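Per chain, numbering begins at 1; letters A, B, ... match sequence-line order. Everything quoted here is computed from the prediction, not taken from an experiment.
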There are 2 protein chains.
Amino acid sequence: MHAIDGTDTRLLTALAKDPRRTVVALAQKLGLSRNTVQARMAQLERMSVFLSFERRINPAALGYPLMAFISVHVQQQKLQQVADELSGIPEVIEAYGLAGQADLLMRVVAVDAEDLFRINGKILGIDGVERTDTSLAMGELVPFRVEPLLARGPRTP
Amino acid sequence: MHAIDGTDTRLLTALAKDPRRTVVALAQKLGLSRNTVQARMAQLERMSVFLSFERRINPAALGYPLMAFISVHVQQQKLQQVADELSGIPEVIEAYGLAGQADLLMRVVAVDAEDLFRINGKILGIDGVERTDTSLAMGELVPFRVEPLLARGPRTP
DNA sequence: CGAAAAACTGAGCATATTGCCCAGTTTTAT
DNA sequence: ATAAAACTGGGCAATATGCTCAGTTTTTCG
């Protein structure tokens with residue numbers, strides 16, 4: 001067994017609903033033996049189903065209430081260098097290489113508008129960065145969720 | 001105490017590093033009493049420092065290896081309706097209202113390119129959606145992290 | 001500055017959980 | 001049909017948890 005099956009998705013759904021639930025309680029809820037839940041959890045862990053705990057930490061609560069998406073046009077063949085420089089800026093919380101209009105899209109958090117301006121300046125100062133477009137996030141219109149995907153059951157990859 | 005302080009950031013850092021650590025082990029590591037760690041954790045929970053567990057679930061492992069960012073131009077005064085429609089599409093895992101070039105930016109996952117095309121068609125079919133721009137994510141250049149923010153210690157909000 | 005409130009400490013208790021082992025049964029893969 | 005994988009439920013020892021408590025320390029506020 002190395003693809004996610006219906007029992008795994010049910011387990012993930014239950015976990016998502018109540019992340020602090022004990023293995024015993026999960027087993028009860030799912031009608032499985034405790035050992036099975038343990039074994040399945042261990043397997044999900046091994047399969048890298050779980051991303052970092054950091055994703056659960058709200059930057060706003062850390063003092064960074066502003067969020068922005070900054071797309072960047074990068075000089076040819078300098079993408080990796082730019083990425084390395086970006087990773088040195090603490091407020092850059094993630095960055096993706098893109099196939100599309102821009103070369104790179106990052107998510108940035110900031111203390112306030114001034115801070116954002118400063119960060120943007122920093123990004124513009126990176127060798128290889130040609131142009132940036134900044135879009136301030138005004139609010140979550142669809143809050144993050146994977147529950148609808150889980151509810152559909154497993155997909156054959 | 002209702003702002004995050006240095007002890008909280010240290011606690012979050014330790015948690016981020018080892019999410020399955022017991023309260024007893026965390027207390028030991030941080031040189032605090034068990035009760036204090038428990039009390040602090042409870043407070044962080046109350047303060048909504050922790051976002052949903054779902055954010056830790058990797059859509060790729062669920063059978064959605066493709067990710068794309070789709071920006072959308074929306075007809076005036078239809079933003080909320082569009083958002084409601086988007087939330088009915090399971091593959092739309094989050095969407096932000098923007099101040100910038102586009103009105104809305106969403107993150108979409110898909111099984112394959114065909115699936116992505118289908119989803120895009122669905123989005124274009126929503127009343128109020130004028131235009132979309134799709135950028136396929138080719139890879140994480142800066143993987144998600146808030147550790148550098150935590151390492152800086154608390155920020156006064 | 002002093003008093004009060006908040007936060008921290010360490011001890012303790014009863015109960016629950018965990019990691020792991022085991023042998024038997026059921027399900028899946030070949 | 002057979003073998004391997006997965007599941008089951010039982011069990012054990014060690015540890016953790018939720019919670020209480022009284023004393024101490026730190027922070028807040030007038």
Check the phosphate of [N] against [X], side-chain N and O only, distance under 4.0 Å to OP1 or OP2. Yes or no?
{"X": "B:T36", "N": "C:dT9", "answer": "yes"}
{"X": "B:R20", "N": "C:dG19", "answer": "yes"}
{"X": "A:R40", "N": "D:dC7", "answer": "yes"}
{"X": "A:Q38", "N": "C:dG19", "answer": "yes"}

Indicate the atoms forming the closest heavy-atom contact of B:F144 with A:E54, along with that distance.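 Where B:F144 meets A:E54 most closely, the heavy atoms are CE2-O, 3.6 Å.
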Distance in angstrom units between [X] [atom1] and [N] [atom2], rounded:
{"X": "B:L30", "N": "C:dC8", "atom1": "CG", "atom2": "C1'", "answer": "14 Å"}
{"X": "A:M41", "N": "D:dA6", "atom1": "CE", "atom2": "C1'", "answer": "18 Å"}
{"X": "B:R46", "N": "C:dA6", "atom1": "CZ", "atom2": "P", "answer": "13 Å"}

Is it true that B:R40 and B:E45 make a salt bridge, defined as a side-chain N closer than 4.0 Å to a carboxylate O?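 Salt bridge flag = no for B:E45 with B:R40.
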A:R10 with A:E147: basic N within carboxylate O range, under 4.0 Å: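 Looking at A:R10 and A:E147, the cut-off is not met.
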Distance criterion of 3.5 Å, no angle test: do you see the side chain of A:R34 paired donor-to-acceptor with the base of D:dG10?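 Donor-acceptor pair under 3.5 Å: no.
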Do B:R152 and A:E91 come within less than 4.5 Å of each other through their side chains, counting heavy atoms only?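 Yes, side chains in contact.
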Given DNA chain D, 5'-ward residue of the pair B:V23 and A:L32, judged by closest heavy atom: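 Looking at the nearest nucleotide for each, A:L32 comes out on the 5' side.
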Just compare D:dT17, D:dT8, D:dC19 and give me whichever is closest to any side-chain atom of A:S33.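 Of the options given, the side chain of A:S33 lies nearest D:dT8.
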Out of C:dT17, D:dT20, D:dG18, which nucleotide sits closest to the side chain of B:N35?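 Of the options given, the side chain of B:N35 lies nearest D:dT20.
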